[in-house]
Colleague: 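Sharing a structure here in structure tokens format.
As the structure is a computational prediction, the values presented were derived from the model and not from experiment. Count residues from 1 along the sequence.
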Amino acid sequence: MPDPANAYPNIIHHGGASGVTGSCHQLNCDSEHSLLIDCGLFQGRDAADDTFEQLKVQFDLSKIKALLITHVHIDHVGRLPYLIAAGYNGPIYCSKPSALLLPLVLEDALRVGFTRDAKLIEQFKARIAQLLVPLDYKTWHTVIDTPALRTRIKLQRAGHILGSCYFEISVTNKPDHNTRIHNTRIVFSGDLGAPGSALLPAPQSPHHADIVVLESTYGNRRHQSRHDRINRLKAAIEKALQNDGTVIIPAFSIGRTQELLYELEELIHRHSPGGDGKTKPLWKNLQVIVDSPLAAEFTKVYRQLKPYWDDEAQRRLKAGRHPLNFANLYTIGNHDEHQRTVDYLAKTGQPAVVIAASGMAAGGRVMNYLKAMIEDSRHQVLFVGYQAPGTPGHQIQNATPGKDEVTLEGQRYRINAGVDSISGYSAHADQKDLVNFIRRMKKWPREVRLIHGDQAARLALKDKIEQAAQAAKQEIRVELAEARH
């Protein structure tokens with residue numbers, strides 16, 4: 001990318017460059033007009049010791065004309081309260097599903113890290129509603145139009161969570177009548193989903209771009225196939241149930257929880273009378289418990305957004321099935337009910353799968369399940385998503401059961417429960433998918449800038465993209481983004 005001091009467009013990264021959280025990227029279209037893409041929270045190892053100082057928005061907002069939201073995960077939108085507090089007053093562009101989901105995410109983020117004052121929270125949500133501009137997919141929208149500059153955006157489905165998108169951005173600089181008009185096409189990937197994800201169609205590559213800002217969370221890894229991951233899910237659950245134990249799945253309230261429910265409904269259907277397989281008592285009596293008020297709210301919205309589900313999910317609906325609202329599904333409401341459920345499952349052999357936030361076991365209701373059960377070998381902790389270094393989830397995931405310990409809310413616990421991970425449930429594209437996102441473009445970009453990944457992942461992906469370019473006889477520059485705070 002040219003030097004920001006003398007060439008436009010250019011990109012500054014305020015977060016999510018050399019880490020996997022805190023995504024926040026500024027596209028300078030010219031000297032007076034910028035777009036901000038995402039404004040997320042730093043988590044795990046990316047979080048600074050002085051959290052408040054890191055959260056503050058200290059970059060100049062005077063030239064930022066619009067905020068573009070790729071999706072509503074907290075590491076992409078969690079700093080919105082601080083952005084508004086810093087004086088941002090422009091439009092917030094996102095997909096129509098994201099516009100429905102965003103208020104739920106922000107209310108939760110405000111209660112956890114900003115304020116519990118209900119009046120302030122409602123005022124903030126009302127302010128966000130005034131700024132939100134929901135957009136259709138696959139349609140160009142003009143967001144900046146001056147005599148010297150025209151900037152348009154187009155949302156494409158990213159397949160990461162419902163409502164997720166990547167942005168195609170067309171920047172047309174037209175300095176004066178004597179200078180040739182210059183157009184640059186830039187793609188910001190946000191987080192790309194993996195092909196075969198439940199409920200969502202796979203992302204399709206854009207036709208062309210000059211510059212692609214590409215996530216690299218799993219740039220050095222390959223996921224299991226969907227067939228393999230469903231079998232792994234089935235095996236992990238049956239192992240715990242045969243031991244009269246509970247399967248504890250730390251999962252993000254939005255995206256992962258709904259995908260798991262979709263797959264669990266399929267397994268229960270398969271092993272029930274009239275399903276595809278023979279009836280198994282373990283599955284027939286299995287309780288699937290969603291213990292997260294936020295996840296329950298998101299699931300309701302997911303059900304409202306059925307038109308955005310993929311073809312497979314539509315076929316299930318037409319067959320009279322209810323992938324996100326089946327008979328074995330139970331939702332836990334208030335805290336007293338939550339605590340009773342924890343105590344009951346810890347003491348009995350009731351077959352159950354518990355899905356609870358947070359996804360990296362860094363807080364939320366899943367902590368009480370872990371504290372009550374992680375020292376009991378009957379139970380199973382199952383990870384279905386990325387665990388950032390520095391989080392309890394990462395500690396548990398890399399532990400040796402019966403030997404290692406984990407610190408949960410200041411107390412040490414020996415890990416005796418079984419621990420398993422299924423990488424195929426990641427909502428992120430893996431290395432092959434990310435390379436294919438570039439490879440399948442009709443016209444390759446001249447530059448790829450890798451963000452949203454640790455150093456090892458970015459270096460491995462850089463190498464694979466360069467190999468693919470060499471094989472395809474394409475000239476391409478692959479760079480590792482550097483953050484500017």
Side-chain angles (χ1 to χ4, degrees), residues 20-21 23 38-41 43 69-81 92 94-113 125 128 132 134 157-166 190-194 197-201 203 215 217 249-264 288-306 308-310 313 323-325 329 331-332 354-366 383-388 391 393 425-428 452:
V20 295
T21 63
S23 282
D38 290 337
C39 195
L41 201 64
Q43 297 173 296
I69 292 177
T70 62
H71 65 288
V72 300
H73 272 152
I74 203 71
D75 60 328
H76 289 257
V77 300
R79 272 190 287 168
L80 258 67
I92 301 174
C94 65
S95 71
K96 290 181 176 179
S98 287
L100 290 177
L101 294 164
L102 183 62
L104 297 174
V105 175
L106 292 179
E107 180 172 353
D108 185 63
L110 286 166
R111 291 187 188 280
V112 172
K125 287 169 62 179
I128 289 292
L132 271 180
R157 296 185 68 159
H160 178 62
I161 62 172
L162 201 63
S164 62
C165 72
Y166 68 82
D191 287 347
L192 296 174
S197 295
L199 293 168
L200 303 175
E215 72 125 319
T217 309
I249 306 180
F252 293 110
S253 297
I254 180 170
R256 194 65 45 75
T257 292
Q258 291 75 33
E259 184 172 6
L260 282 166
L261 293 179
Y262 184 89
E263 301 289 36
L264 287 166
V288 177
I289 299 169
V290 174
D291 193 348
S292 165
L294 189 61
E297 288 299 316
F298 283 135
T299 303
K300 287 181 185 176
V301 177
Y302 260 62
R303 293 201 293 262
Q304 293 171 18
L305 293 169
K306 289 173 184 175
Y308 292 90
W309 293 8
D310 67 5
L324 300 183
N325 193 26
L329 177 60
T331 300
I332 304 300
V354 173
I355 304 170
S358 75
M360 297 184 191
R365 290 185 176 183
V366 76
F383 292 103
V384 292
Y386 182 80
Q387 302 299 307
T391 60
Y425 276 99
S426 171
H428 289 269
H452 211 280

Colleague: For the backbone of Leu294 and the side chain of Ser253, can you confirm whether one donor and one acceptor N or O come within less than 3.5 Å of each other?
Modeller: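 Side chain of Ser253 to backbone of Leu294, a donor-acceptor pair under 3.5 Å: no, none is there.
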Colleague: Identify, with sequence neighbours excluded, every residue that meets side chain to side chain donor-acceptor pair (under 3.5 Å) alongside Ser358.
Modeller: none
Colleague: Residues in side-chain contact (heavy atoms from CB on, under 4.5 Å) with Ser197, at least two apart?
Modeller: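 By the side-chain contact (heavy atoms from CB on, under 4.5 Å) rule, Ser197 matches Ala194, Glu259.
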Colleague: In chain order, what residues pass the ring-ring contact (aromatic ring centres under 6.0 Å, His included) check against Tyr302, with sequence neighbours excluded?
Modeller: none
Colleague: By side-chain contact (heavy atoms from CB on, under 4.5 Å), which residues pair with Leu132, not counting sequence neighbours?
Modeller: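 Ile92, Cys94, Ala99, Leu102, Ile128.
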Colleague: Could you pull out all residues at least two apart from Arg365 that satisfy side chain to side chain donor-acceptor pair (under 3.5 Å)?
Modeller: Asp291
Colleague: Of Leu261, Leu260, Ile254, which is the lone residue that meets side chain to side chain contact (heavy atoms under 4.5 Å, CB included) with Thr257?
Modeller: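 Of the listed residues Leu261, Leu260, Ile254, the side chain to side chain contact (heavy atoms under 4.5 Å, CB included) partner of Thr257 is Leu261.
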Colleague: When you compare the side chains of His452 and His428, does any donor N or O come within less than 3.5 Å of an acceptor on the partner?
Modeller: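 There is no such pair between these side chains.
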Colleague: What is the ring orientation for His71 with His76, classed by angle as parallel under 30°, tilted 30 to 60°, or perpendicular over 60°?
Modeller: tilted
Colleague: Taking Leu104's backbone N and O only, do any of them form a donor-acceptor pair with Glu297's side chain (distance below 3.5 Å, no angle check)?
Modeller: no
Colleague: State which residues pass salt bridge (charged side-chain N to carboxylate O under 4.0 Å, His left out) with Asp191; sequence neighbours excluded, sorted by chain then number.
Modeller: none
Colleague: If we check side chain to side chain contact (heavy atoms under 4.5 Å, CB included) with Val105, which of these qualifies: Leu110, Leu80, Val77?
Modeller: Val77
